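Protein chains get the first letters and strands the later ones, always in sequence-line order, with residue 1 at the start of each. Hydrogens, waters and symmetry mates are skipped; everything else that's a heavy atom, side chains included, is used. None of these values were measured; they are calculated from a predicted model.
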Amino acid sequence: MRILCVAEKNSISKAVASILSGDTYQTRNTGNQYVKNYTFDFNFQQWGPSSVTMTAVSGHITTLDVTAANKHWEHPPPETLFTCPVRFVTPEDKQSIADNIASQARYCQALCIWTDCDREGEFIGSSIVDAAKKGNPRIQVKRAHFSNIEPAHIMQAVSRLGELDYKQVAAVAARMELDLRTGYAFTRFLTLGLRPLGGPLSGNTISYGSCQFPTLGFVVDRYFKVKSFVPEPFWSIKVSHTKDGITANFSWFRNRLFDRASVIILYERCLAAKRATVKKVQEKPTKKWKPLPLTTIEFQKVATRLLQMTGQQAMSVAENLYNKGFISYPRTETDRFDKGMDLQGLVRKQIPSDRWGRYANDLLNGAFQRPRDGRHDDKAHPPIHPVTFAAPTVLNDQERRVYEFVVRRFLACCSDDAKGMATDIEIEYGEERFNAHGIIVLERNYLDVYIYDKWSDSAELPKFTIGERFEPTEALMTEGKTAAPGYLTEADLIALMDANGIGTDATMAEHIQKIQEREYVCAVSRGNRGNRGNRGANEGDGDAPAGRGGRGGRRGRGGRGGGAADGGSRGSNSVKEFIPTRLGVALIQGFDRMEFDNSLGKPFLRKEFEAKMKAICEARTTKDAVVRETLRQYADVFSISQERFSVLKTACREYVFDQHGV
DNA sequence: GCAAGGTC
């Protein structure tokens, strides 16, 4: 028998060829620079001894598009895009890949699909089948199911070949059709319709996309929350006591009150009592959990917070490291390692490092612990982990930082939790209660290698005994103001997109990039606002001072951003925040004011669609029904947008041109 | 000139 195997990317094709052939494959070039054909012999349970050609595509080999009749922007009118014919085409740069599959298929009796085991992978698999059938219409088709490239796992996959799941293929086809029709229709409508207003609207492309708009909506939503925030003054009582050279800071049980007179009365009662009484002393073991195995989303959040990169930079650096073979595939939703993976073998590879090699060595000498299991598994890829050791000299500066993070995260996952002793002390002072919380770190464990985590609320407390009475060293009434929430950071935005099903791990950073390109939002260094020329919609300095008036209010809820783990990312290149431009605000406000059931600026339509795709996959509905229903929804929004277009234009005039907000 | 999704 002759068998053709096709993977989603060359790296998988090469790895599988290597495993199935025992490293005795031959390599041949194809017409595409990223794709190689690997040939070898293999004895399939299904087909017996066979000669195999293993090749790959490079992501999708087809794309959905409108026909020539609908390529013009001016005619026919954009609403026709909801009903016009659409068809799959092979883009020019993918033709050689499709041809390679067709010509190889000509000599083969069977085709085995090795694309990633996710929805998009299933769809890519179906277009590989179509390409192969052009060369050999009667070719038999099988599908391998695998989620990593451990040899034992691949051998199991090849011994239990299954079928392509055409329900998943249909779900992806539905997504493509919806995104294409709505994206083109609204983009043309907005761009052409708003152009007469002039200014930035005369030259810009005003694009709509089912992911772009909700992403913009999050930024605008937070902008208004910040802008409409009214700080409230509050008062509190803070007690501290120094003993044996150690100071214990006690927080008030009531935290804070918004009535000054009440706090004065309570405070004076404390002072009148003179002495405080220790009511409770509790010591108990505690631990700080090691991190979960690394997903793409978590990677991007950390990279934007701690490595001073944008999500997109971080992804492109990670892709380089992956292509050079240093780290595993960086696009994954999985935060648990497969039981069969040789994690200690991966730890061993890090021993040569002069920075964490010793730590890796200690792990192998008894300190190794299995990583925690998170709740996510995309069934297509393992968590991001180092594959082999990269000497610092072979990496550039950014690669070094990303690689170091991936390695330290992995080693931390294979370590023990940090352990400590927590102390809680409660005192009564007058009629008020206060407590102090302290932690002594006993075993640092993973903290030694995972330098991004600090157990920073760990403070040592002096010894107290129950019933002990003392006169506090200091008792202050403090004053503060509630603080406005901060504008969205990239980490916040990614978290919101994730929670609302906007985009995929591979595309979130691109959407964030896109709404900046379109000049819907701009990224501004925190603490550097009000300095954005005339592009921002922000009113003067909306940055309400962050509370903490006087010397008090340690627990004021205003804490901005990262919190304890934010280890030293201040300075010139600090965390960026997203603020909408006038144009961005105008678009979201305009759509909101048209009062649809489903505003395009909100994530609900996309979220609903995500649920419908799942329903297609579970055979609870069909692609045709979903496309029909959803296109109806969007077409309704479209026709209302046309009817009430003056509302949108008014919002644009108001925000983009008038003095609104300046 | 327009989308979102793959991958390099």
| request: For A:T182, report the nucleic acid contact type (base, sugar-phosphate, nothing); a contact means any heavy atom under 4.0 Å. | output: nothing
- Message: Is there aromatic stacking of A:Y184 on B:dA3 here, judged by a ring-centre distance under 5.5 Å and a plane angle under 30°?
- Response: no
A:S210 has its side chain closest, among B:dA4, B:dC8, B:dC2, to B:dA4
Comparing A:H60 with A:G183, nearest DNA chain B nucleotide closer to 5' gives the residue A:G183
- [ ] Would you indicate what A:R175 reaches in the nucleic acid, counting non-hydrogen atoms under 4.0 angstrom: base, sugar-phosphate, or nothing?
- [x] base
From the candidates B:dA4, B:dC2, B:dC8, the one with an atom nearest any side-chain atom of A:R606 is B:dA4
**Asked** Across the strands shown, which category fits A:G503 at heavy-atom distances under 4.0 angstrom: base, sugar-phosphate, nothing?
**Response** sugar-phosphate
N/O donor-acceptor pair under 3.5 Å between A:Q516 side chain and A:C522 backbone: no
> How would you label the contact of A:L64 with the nucleic acid (heavy atoms, under 4.0 Å): base, sugar-phosphate, or nothing?
Replying inline: base
Between A:Y38 and A:Q26, does the side chain to side chain donor-acceptor pair (under 3.5 Å) criterion hold? Intermediate values first, please. CA-CA 5 Å; A:Y38 303 101; A:Q26 292 192 311; over 6 Å; no
Using a 4.0 Å heavy-atom cut-off, does A:G59 contact any base of the nucleic acid, only the sugar-phosphate backbone, or nothing at all?
base
Rounded to whole Å, CZ of A:R119 lies from P of B:dA4 at a distance of 15 Å
In whole angstroms, the gap separating P of B:dG1 from CG of A:L190 amounts to 19 Å
A:D179 atom CG is separated from B:dA3 atom P, nearest whole Å, by 10 Å
Within the 4.0 Å heavy-atom criterion, would you say A:Q33 contacts the bases, only the backbone, or no part of the nucleic acid? nothing
Side chain A:T205 and base B:dC2 donor-acceptor under 3.5 Å | no
To the nearest angstrom, the CE-C1' distance between A:M613 and B:dA4 comes to 10 Å
Of the candidates B:dC2, B:dG5, B:dC8, the side chain of A:E120 sits closest to B:dG5
side-chain N/O A:T187 vs B:dA3 OP1/OP2, d < 4.0 Å: no
In whole angstroms, the gap separating C1' of B:dC2 from CD of A:Q212 amounts to 9 Å
**Asked** Contact class for A:F123 vs. all strands (heavy atom < 4.0 Å): base, sugar-phosphate, or nothing?
**Response** nothing
Residues passing the side chain to side chain donor-acceptor pair (under 3.5 Å) test with A:S18, sequence neighbours excluded, are A:D23
**Prompt:** Would you call A:E490 and A:K301 a salt bridge, using N to O less than 4.0 angstrom?
**Reply:** no
Of B:dG5, B:dG1, B:dC2, the nucleotide closest to the side chain of A:H511 is B:dG5
| Checking all strands, does A:F609 fall into the base, sugar-phosphate, or nothing category for heavy-atom contacts under 4.0 angstrom? | nothing
Atom CG of A:D65 and atom P of B:dG5 are separated, to the nearest Å, by 17 Å
Closest of B:dG1, B:dC2, B:dA4 to the A:R518 side chain is B:dC2
Comparing nearest nucleotides in DNA chain B, the 5'-proximal residue of the pair A:E74, A:N32 is A:E74
From CG of A:L180 across to C1' of B:dA4 the rounded distance in Å is 10 Å
* Asked: Counting only heavy atoms not in A:R620, do more than 12 sit closer than 6.0 Å to its CZ atom?
  -> yes
Residues pairing under side-chain hydrogen bond (donor to acceptor under 3.5 Å, both in side chains) where one sits in residues 120-130 of chain A, two or more places apart or in two chains, turn out to be A:H60-A:E120, A:E120-A:R175, A:E122-A:R143
Rounded to whole Å, the CZ-C1' distance (A:R331 to B:dG5) equals 10 Å
